[in-house]
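Written below as structure tokens is the structure these notes are about.
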Amino acid sequence: MNILERIDRRILYLVLLLAVAYPLLRPFGLSVKPGPDSKQVFRVIDELPRGSVVMVSFDYDPAAAPELDPMAVALVRLLFSKDLRIITFSQPGWELGAGQADRILRQVAVEKGKEYGTDWVNLGWRAGQSAVILPAMSEDLRRPMNGVDMYGQPLVNLKLMDQIRKLSDLQLIVGIWSGTPGFQEYISFVYEPLKIPLVGGTTAIGLPVAKPYMKAGQLAGILGGMRGAADIEVLADQPGRALTVMDAQSLGLLVILGFLVLGNIGYLVTRWRGGVKG
Amino acid sequence: MQWRKKLPILITLAAGIFVVVSRFVKIEPLPTLSGTLDEWFLVSAAFAFVIGMANLTRLHLLKVRSRGKDWPYSLVLLVCLYGYLTLGLTVSVQGPAYEWVYRNILGALQGAMFSLLAFFTASAAYRAFRIRSAEATVLMITAAVVMVGNIPLGESIAGGNIPGLAQWILDVPNTAGARGILLGAAVGALATSVRILLGLERAHLGGPGA
């Protein structure tokens, strides 16, 4: 077997680590050209009238946060920049998503001068199944939440909730999804019965599964992983962490490609030598 | 003892058919009763957490007491479980201590675990993507095109053609394949649901021979 075919995995790990770490410390500032899917997400948000109320569903936990937090921050920044108001929620199974929402909304609300209760509300998370919770929220938003927000404040005391009684009062749902439950639950239990437009983003690995739903028109737009977040930062003209990380992702993927090429050269050489001997 | 087997199946059948019918027939009292059933479910689901926590505590306490295999991990689990619970109840989820633990311990640990996937994926790709056959060659070229098409450096090197090709691969062959899988899974889920409602599938009831 050729040496190129059996490079020690520790060497591969080290090279990959260096390739990812170096651009994080010294970014190259590569230019990002947004793709058509990201432009579609931006267009849907951009066309909403000022003051519209949007639900942002934080359906991920800290495991996916390194990939999805930049997307969540970019989307929340964009929504607040357009003077849209936000209600956050996490589907059953994503109890830690409510914590992600709390952290990100607090950070961006301070940046944009937005106030809790007027410009944004965190509904938190409820135990159960999306098949039960989402249809119940379609009838009455307060009942499945037991009438309180994530912090135990009565929803009747929050000004934003005066206008929002049920899901159909929302103008858009934006999801940040990293698995199940995710966009499929929103399509089945919210989009299909109520036809509320649905956009969002997934981890890069979730993008191929989301594509058929976008082609069918059930998802109005979808972002994939860090690249999707970087695209939104470019379109919104609000550079953030995703654009910095794109350099690291670029170099990391090129290293993987390089190892693929080396492995295959080694494989071809071995086969050729075997053929000569045979 | 026949009723012990039949009663859960009858409850599943009655509740299942009721919920399915109430989705399509919006005549009172079906919607109201369906809403009540939903509330019962939410209460049960919340209570299941308490039962789960009690069971977890019992199992790991027994392990710690008997000094079973890897018992220190059980101790860590119990300390984390009750420590974080106490923190949440005393300083609230808005407290700085709760936030600190969430961000610097839970977030860092889970993020690190997930990040390891990048290294495992790279290693697996290096060992598996060999052009041994025509199919393997197509797979490798497709993977390479999609990777290059999704990174700015790739765009700079390869120009606009590779991103366009990557987008086409995702939009057309990928969508076609994913649709086939999704439709197959949906038909399978439907068949399993009918089997559960009819009592032919009993795994959800638990126990031997369920």
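Within every chain, numbering begins at 1; the chains are lettered A, B, ... in the order of the sequence lines, protein sequences first and strands thereafter.
Contacts with chain A were tallied for B:Ser34, B:Ala178, B:Ala46, B:Gly111; B:Gly111 has the most, counting heavy-atom pairs under 4.5 Å. Listed options A:Lys33, A:Glu67, A:Arg103 were ranked by heavy-atom pairs under 4.5 angstrom with chain B; first place goes to A:Arg103. Between chain A and the residues B:Ile131, B:Leu109, B:Leu106, the largest count of heavy-atom pairs under 4.5 Å involves B:Ile131. Between chain B and the residues A:Gln129, A:Gln184, A:Met150, A:Arg126, the largest count of heavy-atom pairs under 4.5 Å involves A:Gln129. Chain B forms the most heavy-atom pairs under 4.5 Å with one residue out of A:Gly225, A:Pro66, A:Pro208, and that residue is A:Pro208. Per-residue heavy-atom pair counts under 4.5 Å with chain B were compared for A:Pro135, A:Pro144, A:Ala136, A:Gly252, and the maximum is reached by A:Pro135.
Residue B:Leu37 does not touch chain A at all, counting heavy-atom pairs closer than 4.5 Å. At a 4.5 Å heavy-atom cutoff, A:Leu243 makes no contact with chain B through either its backbone or its side chain. Looking at B:Phe119, both its backbone and its side chain come within 4.5 Å of chain A, counting heavy atoms on both sides. Of the two parts of B:Phe129, the backbone and the side chain both hold a non-hydrogen atom closer than 4.5 Å to a non-hydrogen atom of chain A. With a 4.5 Å cut-off on non-hydrogen atoms, A:Ala230 does not touch chain B at all.
Looking at B:Tyr102 and A:Pro62, their side chains come closer than 4.5 Å, going by heavy atoms from C-beta outward. Within the 4.5 Å cutoff, the side chain of A:Glu139 has no heavy atoms near those of the B:Pro31 side chain.
Note that CG of B:Leu42 is 8.0 Å distant from CG of A:Asn146, once rounded to the nearest 0.5 Å. For the atom pair CZ of B:Arg179 and OH of A:Tyr213, the computed distance is 10.0 Å after rounding to the nearest 0.5 Å. The structure places OG1 of B:Thr175 at 10.0 Å from CE of A:Met214, a figure rounded to the nearest 0.5 Å. The line from OG1 of B:Thr121 to CD1 of A:Ile256 is 7.0 Å long, rounded to the nearest 0.5 Å.
Of all heavy-atom pairs spanning B:Ala125 and A:Leu260, the tightest one is O-CD2, 3.1 Å. Here the closest heavy-atom approach between residue A:Ile7 and residue B:Tyr126 is recorded as N-OH, 3.0 Å. In this structure, B:Phe49 and A:Ala127 approach most closely via the heavy-atom pair CE1-CB, 3.7 Å. When all heavy atoms of B:Ser123 and A:Arg9 are compared, the pair lying nearest together is OG-CB, 4.0 Å.
Within residues 11-22 of chain A, the residues having any heavy atom under 4.5 Å from a heavy atom of chain B are, by residue number, A:Leu12, A:Tyr13, A:Leu16, A:Leu17. Listed in order of number, the residues of residues 91-101 of chain A that approach chain B to under 4.5 Å between heavy atoms are A:Leu96, A:Gly99, A:Gln100. Contacts between residues 166-174 of chain B and chain A, counted as heavy-atom pairs separated by less than 4.5 Å, involve B:Gln167, B:Leu170, B:Asp171, B:Asn174. Residues of residues 134-147 of chain B that come within less than 4.5 angstrom of chain A, heavy atom to heavy atom, are B:Met140, B:Ala144, B:Met147 in numerical order.
Side-chain atoms of A:Arg227 come within 3.5 Å of backbone atoms of B:Asn150 as a donor-acceptor pair (strictly under, hydrogens ignored).
Counting heavy atoms of neighbouring residues, nucleotides and ligands inside a 6.0 Å radius, atom OH of A:Tyr151 exceeds 12 of them. Around the CZ atom of A:Arg106, the shell of radius 6.0 Å holds more than 12 heavy atoms that belong to other residues, nucleotides or ligands.
Looking at B:Arg127 and A:Glu5, no side-chain N of the basic residue comes within less than 4.0 Å of a carboxylate O on the acidic one, giving no salt bridge.
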